[in-house]
Number of protein chains: 2
Amino acid sequence: MRPTVNDIAREAGVSLATVDRVLNARPGVREKTVKAVNDAIARLGYVRDLTAANLARGRTYRVAVVLPDTESQFIQSLAEALTEAGSLAATSRTELRLHRFPAEDPHALAALLGTLPGRDYLGVALMAPETPILRDAVRQLRANGIPVVALVSDLPNAGRDHFIGIDNRAAGRTAGVIMGRFLGGGPGQVLVLGQSLLARDMIERRRGFDEVMQRDFPGLEALQSLETHGSPATLRQVVREMLANAPDVRGIYAMGGGNRTLTQVLDEMGLSGKLTVICHELTPHVRAALIAGRITAVITQNLGHLARSTLRVLRAKADHQPLDESQEQIRIEIVLRENLPEPPVSQPPTEVDQVA
Amino acid sequence: MRPTVNDIAREAGVSLATVDRVLNARPGVREKTVKAVNDAIARLGYVRDLTAANLARGRTYRVAVVLPDTESQFIQSLAEALTEAGSLAATSRTELRLHRFPAEDPHALAALLGTLPGRDYLGVALMAPETPILRDAVRQLRANGIPVVALVSDLPNAGRDHFIGIDNRAAGRTAGVIMGRFLGGGPGQVLVLGQSLLARDMIERRRGFDEVMQRDFPGLEALQSLETHGSPATLRQVVREMLANAPDVRGIYAMGGGNRTLTQVLDEMGLSGKLTVICHELTPHVRAALIAGRITAVITQNLGHLARSTLRVLRAKADHQPLDESQEQIRIEIVLRENLPEPPVSQPPTEVDQVA
DNA sequence: GCCGATCTGAGGTACGCACCTCAAAAATGC
DNA sequence: GCATTTTTGAGGTGCGTACCTCAGATCGGC
């Protein structure tokens with residue numbers, strides 16, 4: 001049998017109350033006694049039973065996730081992954097609530113964040129562009145003792161407690177190597193598309209991409225980034241224009257968003273399968289395009305891991321416990337048609353228990 | 001507050017004992033009453049609190065992991081990952097014990113497996129070649145009510161309960177595309193190395209590799225597999241011989257093991273960085289070789305995920321609970337120098353609790 | 001309408017821990 | 001050595017569930 005608090009008390013020659021004070025870092029215990037208890041713990045190899053501890057504490061981890069209300073497949077998949085992770089975690093006293101805010105309205109976002117402290121949340125996960133207003137709102141939350149983690153896109157200057165997502169610069173480098181290698185090092189030109197050159201993740205991807213292209217593939221020319229501002233019409237127009245005027249374009253790097261429109265345009269121009277197309281995020285549409293050969297490679301992150309990591313990190317932060325960094329690191333995945341993972345079956349709500 | 005069994009009892013107009021019987025599928029409850037209880041559960045949105053349940057049950061998940069005693073870096077990394085996952089899971093009443101068996105001795109393995117039922121194990125994870133003796137031993141375990149999962153290399157004919165690892169055929173295909181693309185489609189020859197052509201995973205990787213090479217890269221010729229039998233000397237000899245006689249070799253696909261020797265030989269021959277080298281498993285040595293440019297790409301699986309998945313699957317099997325298949329699927333990861341994840345810091349044993 | 005068989009209810013104990021109170025003991029200041 | 005403060009002990013309650021016992025209710029068959 002594994003040792004319990006009572007064993008510790010006996011072994012250390014103190015009472016259960018004292019062991020409890022030591023274990024939970026409550027005041028009123030002499031240094032000497034603390035040491036005696038810790039020695040006993042070490043000697044017996046005691047491991048605290050967290051399930052029992054949480055049960056006794058009667059604690060429920062209520063956590064808020066705040067996402068923009070964009071209709072993009074990526075956000076939608078992310079929301080699904082989070083919801084599913086939340087429902088699976090329900091058996092371990094964890095509750096996840098999703099909040100959406102108007103994508104282009106920082107004030108609405110700030111207002112939403114302002115209401116959170118009153119709702120008994122133990123932590124907040126947030127995906128949003130880093131505006132000054134947001135920074136203040138995040139600081140406010142943290143001042144209220146609510147840990148904040150940034151999701152997908154980092155918020156370094158807002159003082160978030162943790163960032164959950166990939167290293168976008170490395171992701172850009174990865175896209176660069178694949179593009180360069182797949183094109184045999186050149187010669188040729190590469191089109192680069194991005195929603196907005198102001199978003200932090202886009203900037204970093206572009207920087208990483210250029211790094212590799214310049215260093216390793218001087219024979220290839222990466223053209224200036226084209227901004228699409230999330231508008232299909234704009235995307236359609238700039239791509240058509242560029243491809244018509246630049247016969248040397250052999251590859252396209254889509255740094256974010258608009259993949260559906262992009263593949264459509266390429267199809268219309270009869271270019272599907274003739275260019276090396278690399279994009280981000282394995283959404284259902286991208287998956288199909290990959291299988292059909294319209295997209296060559298995808299740089300992506302596992303949204304399931306991201307969602308579960310979010311819950312784990314927020315719980316750890318709420319408990320002031322250290323993280324298993326290696327588990328929380330989100331990998332930069334390279335997906336080709338050949339290593340395409342099975343599509344996640346969105347599970348029907350189940351009555352059955354799940355081991356967390 | 002979330003509803004408890006007591007709330008269910010009140011809502012259904014029955015006693016707590018009856019609710020308990022329904023929840024745990026114990027006999028002695030009329031159909032009608034069962035339905036009443038289930039209705040109440042649905043109405044209140046009751047979710048069983050597994051932590052409390054396990055606590056009350058006083059259950060400890062004791063799990064055995066059986067690995068060959070090979071000294072390879074892969075097995076070693078795997079053992080480390082398992083140990084770490086086990087120590088992190090200790091707070092949730094889970095105990096993992098590692099057993100090793102002489103790699104080339106199926107009888108010793110069978111004998112070891114035979115002793116397991118007496119040791120109060122709730123499940124066994126096993127990495128071993130599928131011999132007839134092993135098949136019988138596995139059947140014996142399962143006849144004793146102990147679930148068995150295959151690790152890394154599948155045991156389909158032994159009737160394992162689950163396989164935890166990558167789809168090796170798809171992994172071979174992935175290696176194939178990268179090889180083909182990186183070599184610009186040819187012309188040229190590709191060397192293929194494997195420990196033993198009898199091991200199931202090697203066969204499948206080769207099959208997948210050939211599939212892609214033949215279909216998509218007819219300009220490239222994949223040479224016959226060279227067997228190394230895990231012997232550095234053999235590997236050294238065959239590689240030297242082949243490379244000396246085949247000037248058209250532009251790539252090497254190492255299907256498993258011996259990566260350390262391989263990079264050494266290439267170094268000695270002055271070929272490092274001149275060939276496209278693709279191997280499996282991101283061990284510390286392979287990581288260094290990747291950074292140094294001696295290896296081009298690695299097809300790997302995340303051993304941390306694999307270890308955690310092992311524990312989750314065994315617990316679920318022991319509880320006769322369904323799995324979250326999408327979470328348990330081990331991905332085929334492609335690692336280049338550019339998307340190399342941070343090395344896992346092997347954590348010092350910590351006194352602090354971890355949320356599971 | 002009686003009998004045995006089958007269901008159901010009430011209540012208890014236990015799991016390992018958190019957290020509370022009150023009083024007793026020990027250490028400390030003067 | 002006394003008063004004061006600090007440390008410690010003993011004990012209790014509750015978290016949500018499992019599992020056990022025993023008595024009472026209901027059912028089916030005849």
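- Taking atom CG on A:Asn6 and atom P on C:dG16, their separation rounds to 9 Å, with Å as the unit.
- The nearest heavy atom of DNA chain C to B:Thr33 and to B:Arg93 marks one nucleotide each, and the one closer to the 5' end goes with B:Thr33.
- In this entry the distance linking NZ of A:Lys32 with P of D:dT6 reads 18 Å, nearest Å.
- Between A:Glu31 atom CD and C:dT28 atom P there is a gap of 13 Å when expressed in whole angstrom units.
- Remark: the backbone N or O of A:Gly28 is not paired with any side-chain donor or acceptor of A:Arg21 at under 3.5 angstrom.
- At the phosphate of C:dT8, neither OP1 nor OP2 sits under 4.0 Å from any side-chain N or O atom of B:Thr18.
- OP1 or OP2 of D:dA18 sits under 4.0 Å from a side-chain N or O of B:Arg48.
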- Task: Walk me through it: do A:Asn24 and A:Arg48 pass the test side-chain hydrogen bond (donor to acceptor under 3.5 Å, both in side chains)?
- Result: CA-CA 11 Å; A:Asn24 297 289; A:Arg48 187 202 218 117; 2.7 Å; yes

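- Residue B:Arg21 places no side-chain N or O under 4.0 Å from the OP1 or OP2 atom of C:dT8.
- B:Asn24 places its CG atom 4 Å from the P atom of D:dA18, with the value rounded to the nearest Å.
- Residue B:Arg57 places none of its side-chain N or O atoms closer than 4.0 Å to OP1 or OP2 of D:dT17.
- Distance CG (A:Leu55) to P (D:dT17): 9 Å, rounded to an integer number of Å.
- Proximity of a side-chain donor or acceptor of A:Gln140 to a complementary backbone N or O of A:Gly114 within less than 3.5 Å is not detected.
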- Query: Should A:Arg2 and B:Thr60 be marked as a side-chain hydrogen bond (donor to acceptor under 3.5 Å, both in side chains) after you check the CA-CA gap, both sets of side-chain angles, and the distance that decides it?
  - Reply: CA-CA 9 Å; A:Arg2 40 191 279 180; B:Thr60 288; 5.4 Å; no

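- Put simply, CG on A:Leu23 is 13 Å from C1' on C:dC19, counting in whole angstrom units.
- Both B:Ala56 and B:Ala17 sit near DNA chain D, but only B:Ala56 has its closest nucleotide nearer the 5' end.
- In this structure, B:Asn54 places its CG atom 15 Å from C1' of C:dC17, rounding to the nearest Å.
- Each of D:dT17, D:dA18, C:dA10 was ranked by its minimum atom distance to the side chain of B:Arg26; first place goes to D:dA18.
- Across all strands, B:Asp49 comes closer than 4.0 Å only to sugar-phosphate atoms, never to a base (heavy-atom distances).
- Listed pair B:Thr4 / D:dC15 fails the phosphate criterion, with no side-chain N or O lying under 4.0 Å from OP1 or OP2.
- At the heavy-atom level, A:Arg2 lies nowhere under 4.0 Å from the strands shown.
- Remark: C1' of C:dG16 and OH of A:Tyr46 are 8 Å apart, rounded to the nearest angstrom.
- Of the possible polar contacts, one joining the B:Arg100 side chain to the B:Pro68 backbone as a donor-acceptor pair under 3.5 Å is found.
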